[in-house]
Amino acid sequence: MLNLSGVRSQRRNSRTLPQGDMDYLEPKTKSKLMGKLLLLASLVILAFIVINQASSFTSPSVFSRREGVTHVLVTGGAGYIGSHAALRLLKDSYRVTIVDNLSRGNLGAVKTLQRLFPQTGRLQFIYADLGDPKAVDKIFSENAFDAVMHFAAVAYVGESTLYPLKYYHNITSNTLGVLEAMAKHKVKKLIYSSTCATYGEPEKMPITEDTPQVPINPYGKAKKMAEDMILDFSKSSDMAVMILRYFNVIGSDPGGRLGEAPRPELREQGRISGACFDAARGFIPGLQVKGTDYKTSDGTCIRDYIDVTDLVDAHVKALEKAQPRKVGIYNVGTGKGRSVKEFVEACKKATGVEIKVDFLPRRPGDYAEVYSDPTKILRDLNWTARFTNLQDSLQVAWRWQKIHPHGYASY
């Protein structure tokens, strides 16, 4: 006899439940389902928010469009000279993008400029390293630049003799990266900030643009290599190029908004004006003059000191005069050499402090006498140095130094 009890029992246990039985028989299942639905809804909302934010982050900025006003990329624009150049460009109604990795520059200088020019589309700051090709390409792809003023560089002669590879990488290699980005993104105007150090120690003075370039330290050599790359590229390009070889920079913004603030660890390598001010304020016991046996009138080096206000004026004039498929090379100086001893006496008078001076052996890589012949830049760009009184330039810089004893640290 066939026993169907097991089958009937199995059917009873596996029967389909009416929908209404769910509330009564499977409360745990319903709870899990509701939790999953809530989680799914939360994820959808979160994704919507993220997508909206991402679209706002990647939406084109005002700097990605050409709006009839020249847009200048200022590399190294947080540095001493670069920040003064950015200030002048902004005062002249240019749009400015500063790119700086702040290894030598000061964020406080950028913040000062941002406070002075808060209007949308006037100024932007991008923290980036020119040694990163992907970062450089991204900057150029997201911004519509009309011109580049290339200041970014390490720039201490003594330091370059200690760390030559650092100088070749930072100056020569990074300039190559900027050139490649300009070529790829069709930026047609370059104002290159070079140096008189490319001339080395010429046999006769003053230095003209035709004086042979025979640099004697890695800083000058790296700058000359960068110049050579630019010149070679320009031969097969319609780019407008201006190369400005300038001399020893002093002074600061006459309006007292910007100044020179080298990092403390670099003061020993820095400009003589910074050392004079540090001695005048008592930050260091005295001033060290390195080299008193040069073949000059008083045994100390002779240099052509150019006020930073004059220097940036030359850059702006070069920007205005640059022409496609043409290269302009200019010395930017006063045409008059001053000895280090003369400079120290002017600094004493500017600060009103009797600075203690120690005379030491020469610094590696220095040269005896360098000053310019500015005839060509006067003829072609109608530029001439106006702030040529050494003591006056130092007094302007000293006023900023006294108000900002720790540089931009308080910004």
Exercise for review: Look at the side chain of Ser237 and the backbone N and O of Ser234, then say whether any donor-acceptor pair between them is shorter than 3.5 Å.
Suggested key: no
Exercise for review: Hey, could you give me each pair passing ring pair (Phe, Tyr, Trp, His ring centres under 6.0 Å) that has a residue in residues 292-328? Not counting sequence neighbours.
Suggested key: Phe151-His315, Tyr246-His315, Tyr305-Phe343
Review point. Minimum heavy-atom separation for Pro374 to Gly333, with atom names?
Key: CB-O, 3.7 Å
**Study point:** Side chain proximity check, Tyr371 to Arg338, heavy atoms < 4.5 angstrom
**Key:** no
Check your understanding: Can you tell me how far the CG atom of Leu381 sits from the CG atom of Leu319, to the nearest 0.5 Å?
Key -> 11.0 Å
Practice item. Could you tell me whether the side chain of Thr70 reaches within less than 4.5 Å of the side chain of Leu89, counting heavy atoms only? Key: no
Study note, to complete from the structure: Residues passing the side-chain contact (heavy atoms from CB on, under 4.5 Å) test with Phe283, sequence neighbours excluded, are Arg267, Asp278, Arg281, Pro405, His406
Check your understanding: Should Val99 and Leu130 be marked as a side chain to side chain contact (heavy atoms under 4.5 Å, CB included) after you check the CA-CA gap, both sets of side-chain angles, and the distance that decides it?
Key -> CA-CA 8 Å; Val99 171; Leu130 295 181; 4.1 Å; yes
**Study point:** Asn106 side chain vs Tyr408 backbone, donor-acceptor pair below 3.5 Å
**Key:** no
Check your understanding: Ignoring hydrogens and geometry, is there a side-chain-to-backbone donor-acceptor pair from His404 to Trp400 under 3.5 Å?
Key -> yes
Exercise for review: State, yes or no, whether a side-chain contact exists between Arg95 and Val62 at a heavy-atom distance under 4.5 Å.
Suggested key: yes
Exercise for review: Given side chain to side chain contact (heavy atoms under 4.5 Å, CB included), test Leu394 with Ser273 step by step and report yes or no.
Suggested key: CA-CA 8 Å; Leu394 292 172; Ser273 55; 4.2 Å; yes
**Study point:** Side-chain donor/acceptor of Asp298 to backbone N/O of Thr300, under 3.5 Å
**Key:** yes
**Study point:** Expected output: side-chain Lys223 to main-chain Ser193 donor-acceptor under 3.5 Å
**Key:** yes
Review point. Taking all non-hydrogen atoms of both residues, which atom of Ala147 and which atom of Val187 are closest, and how far apart?
Key: N-CG1, 3.9 Å
Check your understanding: Does atom NZ of Lys376 have more than 12 heavy-atom neighbours from other groups under 6.0 Å away?
Key -> yes
Revision key, fill the gap. Separation between CG (Leu311) and CZ (Phe387), nearest 0.5 Å, reads 12.5 Å
Practice item. May I ask you to check whether over 12 heavy atoms, not counting those of Lys336, lie within 6.0 Å of atom NZ? Key: no
Review point. What's the spacing between Leu190 CG and Met149 CE if we round to 0.5 Å?
Key: 10.0 Å
Point to revise | Aromatic contact, Tyr219 with Tyr156 (centres under 6.0 Å) | key: no
Practice item. Indicate the ring-plane relationship of Phe63 and His71, choosing parallel, tilted or perpendicular according to the 30° and 60° boundaries. Key: tilted
Study note, to complete from the structure: Taking every heavy atom of Ala78 against every heavy atom of Ser83, the minimum-distance pair comes out as C-CB, 4.4 Å
Exercise for review: With sequence neighbours left out, write down each residue that passes salt bridge (Lys or Arg N to Asp or Glu O under 4.0 Å) with Asp146, or none if nothing qualifies.
Suggested key: Arg66
Exercise for review: Not counting sequence neighbours, which residues clear salt bridge (Lys or Arg N to Asp or Glu O under 4.0 Å) with Arg303? List them please.
Suggested key: none
Practice item. Output all residues satisfying side-chain contact (heavy atoms from CB on, under 4.5 Å) with Asp392, sequence neighbours left out; order by chain, then residue number. Key: Asn389, Gln395
Check your understanding: Quick one: does Leu90's side chain get under 4.5 Å of Leu116's, heavy atoms only?
Key -> no
Review point. Does the side chain of Glu369 come under 3.5 Å of the side chain of Thr296 through a donor N or O and an acceptor N or O?
Key: no
Study note, to complete from the structure: Glu159 meets the salt bridge (Lys or Arg N to Asp or Glu O under 4.0 Å) criterion, sequence neighbours left out, with Arg104, Lys166
Review point. Under the 3.5 angstrom rule, does the side chain of Thr172 hit a backbone N or O of His169 as a donor-acceptor pair?
Key: no
Review point. When you measure from the side chain of His84 to the backbone N and O of Thr309, does any donor-acceptor pair fall under 3.5 Å?
Key: no
Check your understanding: How far apart are the closest heavy atoms of Leu123 and Phe117, and which atoms are they?
Key -> CB-O, 4.4 Å
Under 3.5 Å, which donor-acceptor pairs link side chains of residues 324-331 to any protein atom two or more places apart or in another chain?
from	atom 1	to	atom 2	distance (Å)
Tyr330	OH	Asp380	OD2	3.0
Asn331	OD1	Tyr199	OH	2.7
Asn331	ND2	Ile207	O	3.1

Practice item. For Ala397, check side-chain contact (heavy atoms from CB on, under 4.5 Å) against everything at least two apart and list the hits. Key: Ser252, Phe277
Exercise for review: For side chain to side chain contact (heavy atoms under 4.5 Å, CB included), just list the numbers for Gln213 and Arg245, CA-CA rounded to whole Å, side-chain angles, deciding distance to a tenth of an Å, and then say yes or no.
Suggested key: CA-CA 11 Å; Gln213 290 178 286; Arg245 298 171 183 158; 3.2 Å; yes
Point to revise | Spacing of CG belonging to Leu258 relative to CG belonging to Leu113, to within rounding of 0.5 Å | key: 5.5 Å
**Study point:** Residue list, side-chain contact (heavy atoms from CB on, under 4.5 Å) with Thr208, at least two apart or on another chain
**Key:** Asp210, Thr211, Asp373
Check your understanding: Side chains of Arg271 and Ile250: does their closest heavy-atom pair fall under 4.5 Å?
Key -> no
Revision key, fill the gap. So the salt bridge (Lys or Arg N to Asp or Glu O under 4.0 Å) pairs with at least one residue in residues 128-138 (sequence neighbours excluded) are Asp137-Lys184, Lys138-Glu142
Review point. Is the NZ or CZ atom of Lys341 both under 6.0 Å from the centre of the six-membered ring of Phe359 and within 45° of that ring's axis?
Key: yes
Exercise for review: May I ask you to test the Val148-Phe140 pair for a side-chain heavy-atom distance under 4.5 Å?
Suggested key: yes
Point to revise | Distance, nearest 0.5 Å, that separates CD1 of Ile243 from CD1 of Ile230 | key: 5.0 Å
Review point. Can any side-chain N or O of Asn217 pair as donor or acceptor with the backbone N or O of Gly220 at less than 3.5 Å?
Key: yes
**Study point:** Heavy-atom check, side chain of Asn143 versus side chain of Gln124, under 4.5 Å
**Key:** yes
Point to revise | side chain to side chain contact (heavy atoms under 4.5 Å, CB included) between His185 and Phe145, intermediate numbers included | key: CA-CA 9 Å; His185 297 280; Phe145 299 126; over 6 Å; no
Point to revise | Counterpart residues, salt bridge (Lys or Arg N to Asp or Glu O under 4.0 Å), relative to Lys348 (two or more places apart) | key: Glu345, Glu354
Check your understanding: Got Asp232 and Met229 here, is their nearest side-chain heavy-atom distance under 4.5 Å?
Key -> no
Check your understanding: With no hydrogens and no angle check, is any side-chain donor or acceptor of Thr75 less than 3.5 Å from a backbone partner on Ala152?
Key -> yes
Exercise for review: Spell out, as yes or no, whether a donor-acceptor pair under 3.5 Å connects the side chain of Ser64 to the backbone of Ser61.
Suggested key: yes
Exercise for review: Decide if atom CD of Glu67 counts as having more than 12 heavy atoms of other residues, nucleotides or ligands within a radius under 6.0 Å.
Suggested key: yes
Check your understanding: About how many Å separate SG of Cys301 and CG of Asp366, when rounded to the nearest 0.5 Å?
Key -> 5.0 Å
Exercise for review: Can you establish whether the number of heavy atoms outside Asn382 located under 6.0 Å from its atom CG is more than 12?
Suggested key: no
Exercise for review: Output every pair passing ring pair (Phe, Tyr, Trp, His ring centres under 6.0 Å) with a member in residues 88-107, not counting sequence neighbours, ordered by first then second residue.
Suggested key: none
